[in-house]
Amino acid sequence: MWQQIEIQLPAMKRGFHLISEQIEDALRSMSPVSIGLLHVQLLHTSASLTLNENADPSVRRDMERHFNQMVPENQPYYEHIYEGSDDMPAHIKASLLGSSLTLPIKNSGLHLGVWQGVYLGEHRDHGGGRRIVLTLQGDK
Amino acid sequence: MWQQIEIQLPAMKRGFHLISEQIEDALRSMSPVSIGLLHVQLLHTSASLTLNENADPSVRRDMERHFNQMVPENQPYYEHIYEGSDDMPAHIKASLLGSSLTLPIKNSGLHLGVWQGVYLGEHRDHGGGRRIVLTLQGDK
Amino acid sequence: MWQQIEIQLPAMKRGFHLISEQIEDALRSMSPVSIGLLHVQLLHTSASLTLNENADPSVRRDMERHFNQMVPENQPYYEHIYEGSDDMPAHIKASLLGSSLTLPIKNSGLHLGVWQGVYLGEHRDHGGGRRIVLTLQGDK
């Protein structure tokens, strides 16, 4: 009934990345569930997960530009500065966007809108590989 | 044990709308669950779901005004502009606020704080009807 | 299979507070689950829950400073002002950060990254005690 696996995404450059395919591959590696929920948890505090448009990549580039405006580096009020100027803004972005998603499952697949895709928000300049725990539950 | 339905909200104008009643009606249309969780997933990328104050409607108007300040239209760094000036900010707001909620169920109803209500954030000027998938699980 | 309890956190001053220990104590008070999910719901609209760095407390102080810049008090467009200048910004922060978390469980404990902790975001100057509903499900 319950299945839980861990995957590791390879290092990605700073910005928003469409990872629907990696999540769907992970789902397919588990026993199929006909109705249920897939919980997707990032094990990090300087990257994020969100659902957004899966079609036009300019949406992802605009999101990165907007988040850099809204959560700028090198602000005089930052105390947590010794891990680099990208670090504290990365923590803030991770909490603004969230580090987990719960996705409906129907007929063994993700039951999302046609334009909805899963984004990894990599907020560090060199974040490295990112670990994700997937927890699947439902009726067969 | 698991139940999953889809509802469609009618088109609403841009802004935050209290939709607790529509969510509660959808819950009541399913077999009752005494302890459990109701997952509520919006199938769109330019609208959002959040919990906030269900009493004073000025809270919803102030949220719209604040989000329009924090995520303004017509910024010079936007590349994704051909779907209208309301579109890219709508995508950003959808990710800031989130497109799903997981709500505790107790005694067949939503187990929330007395002032907590479900908001639909309609971020497009003319978003149209909005589809929501509800997934219910728990003990009878 | 399903367990649901409520806890109350004591009043905390305005700012972000690491509450992983209180959540882990609450989890330990329930029957152990070997794989599952713990849903954590705040019953309030002027405080928030988020996952972020559990080690350096300067991260929590910087988050408070940044959120006060990004969601300032006393803006001319606020209509909801009669509950104090900290109130409307608190509602906005609660929706930006979120009022619930769903946390993976493995071997009876929270299965999170080594640096991930649970923060309560207290956004009111005098928010008082905060009630949280925890809903646990999984396989023994």
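Note that these values count all heavy atoms, side chains included, but never hydrogens, waters or copies made by symmetry. Letters A, B, ... are given to chains in the order of the sequence lines, protein chains preceding strands, and every chain is numbered from 1. Source: prediction; values computed, not measured.
For the atom pair C:D139 CG and A:Q3 CD, the distance stands at 10.0 Å (nearest 0.5 Å). Here the CG-OG distance, from C:L101 to A:S99, works out to 7.5 Å after rounding to the nearest 0.5 Å. The distance from the CG atom of C:D62 to the CD1 atom of A:I92 is 6.5 Å, given to the nearest 0.5 Å.
No side-chain heavy atom of A:Y78 sits less than 4.5 Å from a side-chain heavy atom of C:R65. Annotation: side chain of C:H111 is not in contact with side chain of A:Q41 (no heavy-atom distance under 4.5 Å). Using a 4.5 Å cut-off on side-chain heavy atoms (C-beta onward), C:M63 and A:M88 make contact. Looking at heavy atoms from C-beta onward, C:P57 lies out of side-chain contact with A:H80 at the 4.5 angstrom threshold.
Smallest separation of non-hydrogen atoms from C:W115 and A:T45: O-CG2, 3.8 Å. Heavy atoms only, all atoms of each residue included: C:G36 and A:Q4 are closest at O-NE2, 4.0 Å.
With a 4.5 angstrom heavy-atom cutoff, C:F67 touches chain A only via side-chain atoms. Within the 4.5 angstrom heavy-atom criterion, no atom of A:Q75 approaches chain C. Contact of A:H91 with chain C is made through backbone and side chain together, with heavy-atom distances under 4.5 Å. Contact annotation for C:D56: only side-chain heavy atoms (C-beta onward) come within less than 4.5 Å of a heavy atom of chain A. For chain C, the nearby part of A:L42 is the backbone; its heavy atoms alone come within less than 4.5 Å. Contact annotation for C:M70: only side-chain heavy atoms (C-beta onward) come within less than 4.5 Å of a heavy atom of chain A. With a 4.5 Å cut-off on non-hydrogen atoms, C:R61 touches chain A through its side chain but not through its backbone. For a residue to count as touching a neighbouring chain, one of its non-hydrogen atoms must lie under 4.5 Å from one of that chain's; by this rule A:S95 touches chain C with backbone and side chain alike.
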(message) Show, in sequence, the C-alpha distance, side-chain angles and deciding distance for A:E83 and C:E53, and conclude whether the side chain to side chain contact (heavy atoms under 4.5 Å, CB included) test is met.
(response) CA-CA 13 Å; A:E83 290 188 62; C:E53 189 181 305; 4.1 Å; yes

(request) May I have the step-by-step check of side chain to side chain contact (heavy atoms under 4.5 Å, CB included) for A:M1 and C:M1, ending in yes or no? (result) CA-CA 12 Å; A:M1 181 90 144; C:M1 180 88 145; 4.2 Å; yes

(request) Kindly indicate, with the supporting measurements, whether the criterion side chain to side chain contact (heavy atoms under 4.5 Å, CB included) is fulfilled by A:W2 and C:L37. (result) CA-CA 10 Å; A:W2 283 84; C:L37 292 170; 3.8 Å; yes

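Other residues, nucleotides and ligands contribute only 12 or fewer heavy atoms inside 6.0 Å of the NZ atom of C:K13. Under a cut-off of 6.0 angstrom, the local environment of CD in A:E6 is crowded, with over 12 non-hydrogen atoms contributed by other residues, nucleotides or ligands.
Per-residue counts of heavy-atom pairs under 4.5 Å with chain A were compared for C:T102, C:I105, C:L51; the largest is that of C:T102. Between chain C and the residues A:D87, A:L96, A:L134, the most heavy-atom pairs under 4.5 angstrom are made by A:L96. Most heavy-atom pairs under 4.5 Å with chain A: of the set C:K93, C:Q69, C:K106, this distinction falls to C:Q69. For the set C:G138, C:G98, C:S34, C:G117, the count of heavy-atom pairs under 4.5 angstrom toward chain A peaks at C:G138.
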